[in-house]
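Input: a single structure, listed below in structure tokens.
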There are 2 protein chains.
Amino acid sequence: MFRITRLTDYGVMLMTEFASEPERLRNAAGLAEAAHLSVPTVSKVLKLLLKEGLLESIRGAGGGYRLARKPEDVSVQDIIVALEGPIALTECNLISSDCEQKPHCSVSGNWRRINHAVRRALADITLVDMVQPHFEPVIQLQKQQSNTIPISSETGERWLPTNM
Amino acid sequence: MFRITRLTDYGVMLMTEFASEPERLRNAAGLAEAAHLSVPTVSKVLKLLLKEGLLESIRGAGGGYRLARKPEDVSVQDIIVALEGPIALTECNLISSDCEQKPHCSVSGNWRRINHAVRRALADITLVDMVQPHFEPVIQLQKQQSNTIPISSETGERWLPTNM
DNA sequence: TAAAGTGGCACCAATATAGTACTCTTTATA
DNA sequence: TATAAAGAGTACTATATTGGTGCCACTTTA
């Protein structure tokens with residue numbers, strides 16, 4: 001259905017939670033309560049985010065997790081990639097792919113472009129944006145030469161937090 | 001893994017094939033051969049595309065399928081929606097959703113924006129674009145502060161023409 | 001040394017997906 | 001008019017993925 005998994009959704013929620021107070025150390029139990037999720041589930045997501053370097057942890061009593069980078073340096077794309085692997089709408093666009101269609105597939109090149117467009121849409125949104133209640137897309141796209149296709153026919157957009 | 005299903009991938013391939021010769025009537029067997037897929041599988045996808053109004057069919061001997069609309073009026077998004085339902089990265093953004101997180105979810109509003117950006121990226125690519133060997137979306141995203149970033153900078157992917 | 005934490009697996013149930021099979025209807029044409 | 005070609009609709013099954021949990025080891029602090 002063209003969607004991220006629920007675990008990834010949780011990941012974005014949790015990372016947003018961290019970003020709201022970047023210095024604060026939080027443990028799985030506290031986050032679970034805040035997010036209305038079970039501790040094991042939250043714990044699982046945190047471990048994954050840790051392994052991918054988005055969080056750092058402090059073990060032992062009084063320990064917990066916090067962001068490994070500044071909120072402005074973490075995009076929604078980073079989180080998705082950490083939890084689901086590289087964003088590739090079609091299998092053929094994965095590095096490891098040996099899609100048997102490739103030799104006679106006329107569209108694989110175009111899929112790469114499409115992936116790019118989607119990745120960019122996600123890479124431009126950082127945790128700083130997510131912390132805002134709602135941010136407004138404000139973007140400008142420029143049409144170019146004849147053999148080029150504008151990816152957006154309307155007035156394009158760019159993510160811009162409302163109160164920035 | 002953030003990807004479309006294989007059936008949807010087939011759907012895009014098939015629709016692109018139709019778009020390469022919009023007038024021509026094609027049957028499932030011929031398309032299957034050209035796409036190196038089994039007839040039942042191709043047939044299944046065609047039926048779905050038909051039901052969603054992207055193809056029209058002519059029954060009986062000598063029958064087949066062809067595009068219901070002009071290639072320029074069919075976007076990649078249309079095909080994805082036809083085969084996978086509405087594009088909603090998170091459950092909470094589906095009309096029918098009654099996500100129990102919603103009342104205390106701080107990011108659902110932002111997800112709506114993110115969905116919007118992704119949908120736009122996909123809605124702006126039509127079958128006309130897909131028929132091109134590979135098209136260059138030369139969009140310039142304007143960062144608030146300054147510099148422009150072309151969406152596609154790398155080069156060198158090959159396109160293998162199909163002779164179907 | 002007990003308690004509070006994370007770290008790393010491994011497991012199982014539920015769901016989604018891919019592919020196929022079967023039967024029915026429609027239409028061209030010999 | 002009989003037959004074959006082609007789509008229409010539905011249902012089924014094996015497989016893969018996902019979501020959620022449980023368990024135990026390790027680390028740190030009080």
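Numbered from 1 within each chain, the chains take letters A, B, ... in sequence-line order.
A/Leu25 places its CG atom 13 Å from the C1' atom of D/dT28, with the value rounded to the nearest Å. The nearest whole Å value for the distance from the CG atom in A/Leu55 to the P atom in C/dG8 is 13 Å. Here D/dG19 presents its P atom at 10 Å from CG of A/Leu83, a figure rounded to the nearest Å. When the P atom of C/dT17 is taken as reference, atom CG of B/Leu48 falls 12 Å away, rounded to whole Å. The interatomic distance linking B/Arg6 (CZ) with C/dA16 (P) rounds to 18 Å, in whole Å. Nucleotide D/dA6 holds its P atom 18 Å from the CD atom of B/Glu56, rounded to whole Å. Taking atom CG of residue A/Leu7 and atom P of nucleotide D/dG20, one finds them 7 Å apart after rounding to whole Å.
Map A/Ala61 and B/Ile4 each onto its nearest nucleotide of DNA chain C; the residue landing nearer the 5' end is A/Ala61. If you find the closest nucleotide of DNA chain D to A/Val39 and to A/Gly62, the one lying nearer the 5' end belongs to A/Val39.
Note on B/Leu48: it clusters hydrophobically with B/Ile79, by side-chain heavy-atom contacts below 4.5 Å among ILVMFWY residues. By the rule that hydrophobic residues join a cluster once side-chain heavy atoms approach within less than 4.5 Å of another member, A/Ile87 and A/Leu7 end up as members of one cluster.
Applying the salt bridge (charged side-chain N to carboxylate O under 4.0 Å, His left out) definition to pairs two or more places apart or across chains, those involving residues 52-66 of chain B are B/Glu56-B/Arg66.
Salt bridge B/Arg3/B/Asp9: absent, no basic N to carboxylate O contact under 4.0 Å.
Close to C/dA18, at under 4.0 Å from its OP1 or OP2, lies no side-chain N or O of B/Tyr10. Distances shorter than 4.0 Å separate some side-chain N or O of A/Thr5 from OP1 or OP2 on D/dG19.
One side chain, A/Thr8 or A/Glu84, offers a donor N or O that lies under 3.5 Å from an acceptor on the other.
Residue A/Tyr65 holds its OH atom at 6.0 Å from CG of A/Leu50, rounded to the nearest 0.5 Å.
When atom types are taken as modelled, the side chain of B/Asn110 and the backbone of A/Gln132 share a donor-acceptor pair closer than 3.5 angstrom.
Here the side chains of B/Ile114 and B/Thr90 are not in contact, with every heavy-atom distance at 4.5 Å or above.
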> Once each nucleotide of nucleotides 7-13 of chain D is scored for protein heavy atoms under 4.0 Å, what B/S/- sequence comes out, 5' to 3'?
Replying inline: BBB----

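Evaluated for a side chain to side chain contact (heavy atoms under 4.5 Å, CB included) with B/Pro71, the options B/Val128, B/Asp129, B/Thr16 yield exactly one hit, B/Val128.
Paired runs in DNA chain C that reach 3 or more consecutive Watson-Crick or G-U pairs, where each pair keeps both distances under 3.5 Å, cover C:1-30 with D:1-30.
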